[in-house]
Amino acid sequence: MEFLHKYKKFFILGLIVLSLTMMAFTGRNNYEQGVIRSSVGFVLSGGQTMFANIGNWFADRFDFLRNMNNLHAENIRLQFENDRIQIELDRMLHLDEENRMLAEMMHLYRHYADYATIGANIIARDTTNWHDTFTIDRGRNDGIAINMAVLAPGGLAGRISAVGFNYAVVTPLLEDTSAVASQSLRTGGWGVVQGDINLSSHGLLRMNYIDMDADLAIGDEIITSNTSAIFPPGIRIGEITELGQTAGGMRYAVVSPSVDFSRLSAVLIITDEFEFEFLGE
Amino acid sequence: MRILIYSLIILFDFFVSSTWLQHIAVGGIMPNTTLIILVSYALLRDDVEGTIMGFCAGLLYDIFFGRIIGMSAMLMMLTGFFVGKPFRDFFKDNYIAPIIMVAAATLAYELAYYILNFLLLGRTNIFRYLGMVILPSVAYNLILCIFIYRAIYAIDGIIFRREERKRGFMK
């Protein structure tokens, strides 16, 4: 300790240089999780799973107490809903059958329905207010790889941005650096859905770089485009709630995602390498 | 002994803030408890120990969540250093110094984080970020810092007395 006090300036400078060196080496390829990162993450994610389970247990008890009064009403409502969904499902199965028949007739590939998916629980979230990234309890040993698409009830949630042995980090659509090539389901009008930290606190996304002659309207459903390099086409992102123009004359749209990010507790990951399908065609 | 206890505290804080603290976020804004612990510790001890603790805590975050390893480590380390530096002899029972230092450190840290991670990527709307993220987190940290400083003060007192006693026996 006294040694450090004596050479304080060199010590501080040394640590700064060390940090800068690490930044220089990891800034370029932030995708690769090295041995050290991976093994530290292995230990930490175990602890996080434990803490998350304890926290969820208490949150569940608390929710139960709070919602006890309207459980009966909720139950009746869900029963009705269930009946309605059952009828809907029968109709959908019928349509699906019909769709497959038609698609076979037209020699089309059915992209969306056949993806192999794997479920995962969210165990931890980023500790700063700058990022919305979260950690899930599946990793390399479950077949997860970088840039796989992450789905949640409602549609697209984000992509895998880092993978460890038994955990993976998900960058959600809300993240400031996230961008998805997307299009309107109705007209095919093209744009890029990006996270925006000012909108993401309200749970909203922003669509930038909209095509010059794209025909967009409020209420349009936005899906992933087939120009996207990492996301399979046709996955639902959300719907347009606001259209506008920046001071520079660029059009933008505010998109309300169909995934409720504030209540997310589990996600699905598409483990298929969908790009190869295109190459095989 | 001291190193072990503070390592456990930092680790515990990391687990808690990545899991439980998410439930008490107000309007999507969470307190940065790691920063409060670091400032309290650097105030009670000195700049060198603040630097070491900041470096370790920042590195922990970087390794697990960080996109670029070393960014938070450097910022946290500098925070620990500057907080520990000028306040060698203040009344450690008093809350005013920690409150001011936590506010200043949070403001400086978050601003530096914004500049390195967002401004350099072309997100130039600084007042928007200031109002939406930085100032709310400063306010939240201010409230929590009173409790956390109290706790760190108590823990540090216990460790200090133990060390004194041990030193006494040695002689």
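Hydrogens, waters and symmetry mates are skipped; everything else that's a heavy atom, side chains included, is used. Chain identifiers are assigned alphabetically (A, B, ...) following the order of the sequence lines, protein sequences preceding nucleic acid strands; residue numbering begins at 1 within each chain.
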- For side-chain contact (heavy atoms from CB on, under 4.5 Å), just list the numbers for B/T51 and A/I12, CA-CA rounded to whole Å, side-chain angles, deciding distance to a tenth of an Å, and then say yes or no. CA-CA 8 Å; B/T51 308; A/I12 309 271; 3.5 Å; yes
- Query: Do the two ring centres, one from A/F42 and one from A/Y167, sit under 6.0 Å apart?
  - Reply: no
- Any chance you could lay out the ring pair (Phe, Tyr, Trp, His ring centres under 6.0 Å) test for B/F14 and B/Y61, step after step, and finish with the verdict? CA-CA 8 Å; B/F14 178 76; B/Y61 171 82; 7.4 Å; no
- Message: Please determine whether a side-chain nitrogen of the Lys or Arg among A/R251 and A/D211 lies less than 4.0 Å from a carboxylate oxygen of the Asp or Glu.
- Response: no
- Item | A/L18 versus chain B, the contacting section by heavy-atom distance below 4.5 Å | side chain
- Query: Would the number of heavy atoms belonging to other residues, nucleotides or ligands and lying under 6.0 Å from CD1 of B/I96 be above 12?
  - Reply: no
- Item | Geometric cation-pi criterion A/R206 and A/Y252, 6.0 Å radius, 45° cone | yes
- Can B/R150 and B/Y95 be counted as having a side-chain donor-acceptor contact under 3.5 angstrom? yes
- Based on non-hydrogen pairs under 4.5 Å, which of B/I29, B/T34, B/N32 is most in contact with chain A? B/I29
- Heavy-atom contact with chain A under 4.5 Å, split by part of B/L35: neither
- Determine whether B/F15 and A/L44 make a side-chain contact, defined as any pair of heavy atoms from C-beta on separated by less than 4.5 Å. yes
- Going by residue number, which parts of residues 45-53 of chain A are within reach of chain B, meaning a heavy-atom gap below 4.5 Å? A/S45, A/G47, A/Q48, A/F51, A/A52
- Message: At a 4.5 Å cut-off on heavy atoms, which part of B/M74 comes close to chain A: side chain, backbone, both, or neither?
- Response: both
- Given the side-chain rings of B/Y6 and B/Y41, with only the six-membered ring counted for Trp, is the space between their centroids under 6.0 Å? yes
- Task: Using non-hydrogen atoms and a 4.5 Å limit, figure out which bit of B/Y114 sits close to chain A: side chain, backbone, both or neither.
- Result: both
- A/T177 versus chain B, the contacting section by heavy-atom distance below 4.5 Å: both
- Please check if the side chain of A/E175 supplies one atom and the backbone of A/D132 the other of a donor-acceptor pair under 3.5 Å. yes
- Those residues of residues 132-142 of chain B that come under 4.5 Å of chain A on a heavy-atom basis, listed by number, are B/M132, B/V133, B/I134, B/S137
- A/T127 and B/S17: side-chain donor and acceptor closer than 3.5 Å? no
- Message: Side chains of A/I240 and A/L243, heavy atoms from C-beta outward: is any pair under 4.5 Å?
- Response: yes
